[in-house]
Amino acid sequence: MDDSWPGKLLKWFKGNRRDLPWRQNRSIYRVWVSEVMLQQTRVDTVIPYFHRFIEAFPTVSTLAKADQEDVLKFWEGLGYYARARNLHRAAEVVMERFNGVIPDQPELFRQLPGVGPYISAAVMSIACGHAIPVVDGNVLRTVCRIFALEYDIAQPATRKNIAALLAEKIPENKPGEFNEAMMELGATICTPASPGCDGCPIRHNCLAKQKNLVSELPIKSRKRPVPQYRIVVAVITDSSGRMLIQKRPENGLLGGLWEFPGGKVEKGETLPDALKRECMEELAVKVKVGKEITTIRHAYTHFKILLTAFYCTITSGTLTSYLPFRWAKMEDIASLPFPKANHKILPALREIKIEVE
DNA sequence: AATTCGGGGGC
DNA sequence: GCCCCAGAATT
């Protein structure tokens, strides 16, 4: 019998394992894709994306051959688009440097774009049997409670400390199951608010429970408040009703996605003046700012926006931009990767078009 | 070590 | 509203 908590945890996991899509066929590719999607994203959110992505790109080879824009379209709405760009590039690296075979050694796999300490440990343990502990948000919280650790989980160093601690506990013969069990416990029982200690398989091993510190742990330092920005965008239509959209730079926020031209309103600037300035800066044209279309709110991770869209008409100049731009019909937009904040404009756009006609 | 990266769900 | 989520890359 195994009375240590890892033993109890594994036994519990055997009988309480959720049947998730990426647990049905454990190829390295499928586990890898799932872990990239699961980064900072809930299981329930990922499931439909995983099915669609695997159907479209069933192998690393098909992914490597795909256009980045198509990969981004399958990622649309999932956020953190660098994950998709890095996964796509990594697939190309696998084809070019590894003869199309995803490396099963941690030192090699870890070097692929978008593969950090967590994804490396997760894929290498779950799909390849390497005894490397994962440290995600669930594990940070759960371990701090099991050992009543008053670490600040917002500090990067805490991840290293907990990884070192778990390296002593992870069973050599079942590393993947142990890692999944730790995360499963954190996701379903040892939750951030009101954890289900009564149903916890290792409650008798939990120091936080013994010391009545469960609701106090883990400790996390707070981040600074997020700023709000005022944004304006232009809906410029040509004679046949198509709209001008442009592609964002490859890197940075929403990299590689399409959107309506526009930008931040500067201090002391009116909304129309800001829009005229942005159109001149980005597209080298003078515009007349017409009817207001709609105003929407949207929250990103570290700032919020209040965005107003206006119909605009080009009065002079020749469209010029260092970024790709194109005229798009509504159905074109539907087939391109388009950020959520811009999607929020579209319903109001349809209504006004009907009015005009 | 701190910042920058989405979007949704729970409370 | 705020918090968190199967984190990585950049500075």
Side-chain angles (χ1 to χ4, degrees), chain A residues 17-18 20-23 30-50 72 75-87 89-90 110-127 132-142 152-160 162-163 176 178-188 190-195 218 220-228 248-257 259 296-305 337-344:
Chain A
R17 187 173 178 272
R18 286 177 293 178
L20 303 174
W22 43 89
R23 286 180 178 167
R30 286 170 60 92
V31 175
W32 181 16
V33 170
S34 75
E35 294 299 347
V36 175
M37 287 188 169
L38 285 162
Q39 183 187 329
Q40 294 288 281
T41 310
R42 292 171 198 287
V43 165
D44 291 339
T45 302
V46 165
I47 290 174
Y49 281 91
F50 181 78
L72 284 173
W75 213 270
E76 181 189 276
L78 203 51
Y80 285 162
Y81 298 94
R83 295 183 295 176
R85 300 193 302 271
N86 284 332
L87 181 59
R89 203 180 328 140
R110 174 70 177 78
Q111 294 172 12
L112 294 170
V115 176
Y118 167 78
I119 290 181
S120 179
V123 176
M124 290 297 99
S125 65
I126 295 169
I132 310 168
V134 298
V135 183
D136 73 332
N138 290 310
V139 173
L140 282 172
R141 178 177 60 257
T142 304
D152 179 0
I153 63 169
Q155 299 275 328
T158 299
R159 284 181 184 263
K160 286 188 176 180
I162 290 186
F178 175 79
N179 281 334
E180 285 195 291
M182 287 294 291
M183 295 189 282
E184 195 92 337
L185 186 70
T188 63
C190 199
T191 51
S194 58
K220 186 171 190 176
S221 58
R222 228 167 279 154
K223 291 175 184 170
R224 55 187 169 74
V226 299
Q228 291 220 35
R248 295 181 60 91
E250 283 295 301
N251 298 311
L253 184 74
L254 304 168
L257 276 69
E259 67 178 7
I296 62 101
R297 293 175 185 283
H298 191 72
Y300 294 91
T301 303
H302 57 290
F303 63 91
K304 291 184 272 192
I305 63 169
F338 215 63
K340 179 68 174 175
N342 274 247
H343 267 299
K344 286 179 177 175

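Below, chain A is the first sequence line, B the second, and so on; all start at residue 1.
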TODO: Quick one, give me the B/S/- string for nucleotides 6-11 of chain C, reading 5' to 3', where B means a protein heavy atom under 4.0 Å from the base and S means that only happens at the primed atoms, P, OP1 or OP2.
DONE: BBSS--

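Checking A:D44 against A:L78, the closest nucleotide of DNA chain B that is more toward the 5' end is the one next to A:L78. Ranked by how close their nearest DNA chain B nucleotide is to the 5' end, A:Y300 and A:P156 are led by A:P156.
When the P atom of B:dG7 is taken as reference, atom CG of A:L72 falls 12 Å away, rounded to whole Å. A:E250 places its CD atom 15 Å from the C1' atom of B:dC5, with the value rounded to the nearest Å. Regarding A:R83, its CZ atom lies at a distance of 10 Å from the C1' atom of C:dC5, rounded to whole Å. In this structure, A:R222 atom CZ and C:dC3 atom P are separated by 6 Å, rounded to whole Å. When rounded to the nearest whole Å, the span between NE2 of A:H302 and P of C:dC4 equals 18 Å. To the nearest angstrom, P of C:dC5 lies 18 Å from CD1 of A:I47. Going from atom CG of A:L253 over to atom P of B:dT3 covers 18 Å, rounded to whole Å. Between A:K304 atom NZ and C:dC3 atom P the separation is 11 Å, expressed in whole Å.
With a cut-off of 3.5 Å on both Watson-Crick or G-U wobble distances, the partner of C:dT10 is given as B:dA2.
Close to B:dG7, at under 4.0 Å from its OP1 or OP2, lies a side-chain N or O of A:H298. Contact between the side-chain N/O atoms of A:R224 and the OP1/OP2 oxygens of C:dC2 is not found at any separation under 4.0 Å. Distances shown here put a side-chain N or O of A:K340 below 4.0 Å from the OP1 or OP2 atom of B:dG8.
With both ends at atom P, the span from B:dG6 to C:dT10 equals 14 Å, rounded to whole Å. Taking atom C1' in both C:dA6 and B:dT3, the straight-line distance is 22 Å, to the nearest Å.
At a threshold of 4.0 Å, the pair A:R248-A:E259 counts as salt-bridged, since one of the basic side-chain nitrogens sits closer than that to a carboxylate oxygen. Taking a cutoff of 4.0 Å between a charged side-chain nitrogen and a carboxylate oxygen, A:R23 and A:E184 qualify as a salt bridge.
In this structure, A:L254 reaches the sugar-phosphate backbone alone: every heavy-atom distance under 4.0 Å involves primed, P, OP1 or OP2 atoms, never a base.
Proximity of A:L253 to A:F303: side-chain heavy atoms (C-beta onward) are separated by under 4.5 Å at one or more points. Looking at heavy atoms from C-beta onward, A:L87 lies in side-chain contact with A:W75 at the 4.5 angstrom threshold. Using a 4.5 Å heavy-atom threshold, the side chains of A:T301 and A:Y80 count as touching.
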TODO: For A:V115 and A:W32, run side chain to side chain contact (heavy atoms under 4.5 Å, CB included): C-alpha distance rounded to whole Å, both residues' side-chain angles, the deciding distance at 0.1 Å, then the answer.
DONE: CA-CA 9 Å; A:V115 176; A:W32 181 16; 3.8 Å; yes

Open item on the list: Between A:R83 and A:T41, does the side chain to side chain contact (heavy atoms under 4.5 Å, CB included) criterion hold? Intermediate values first, please.
Closed with: CA-CA 12 Å; A:R83 295 183 295 176; A:T41 310; 3.2 Å; yes

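A:R141 and A:N138 share a donor-acceptor pair across their side chains, judged by distance under 3.5 Å alone.
Contact annotation: side chain of A:T45 to base of B:dG8, donor-acceptor pair absent below 3.5 Å.
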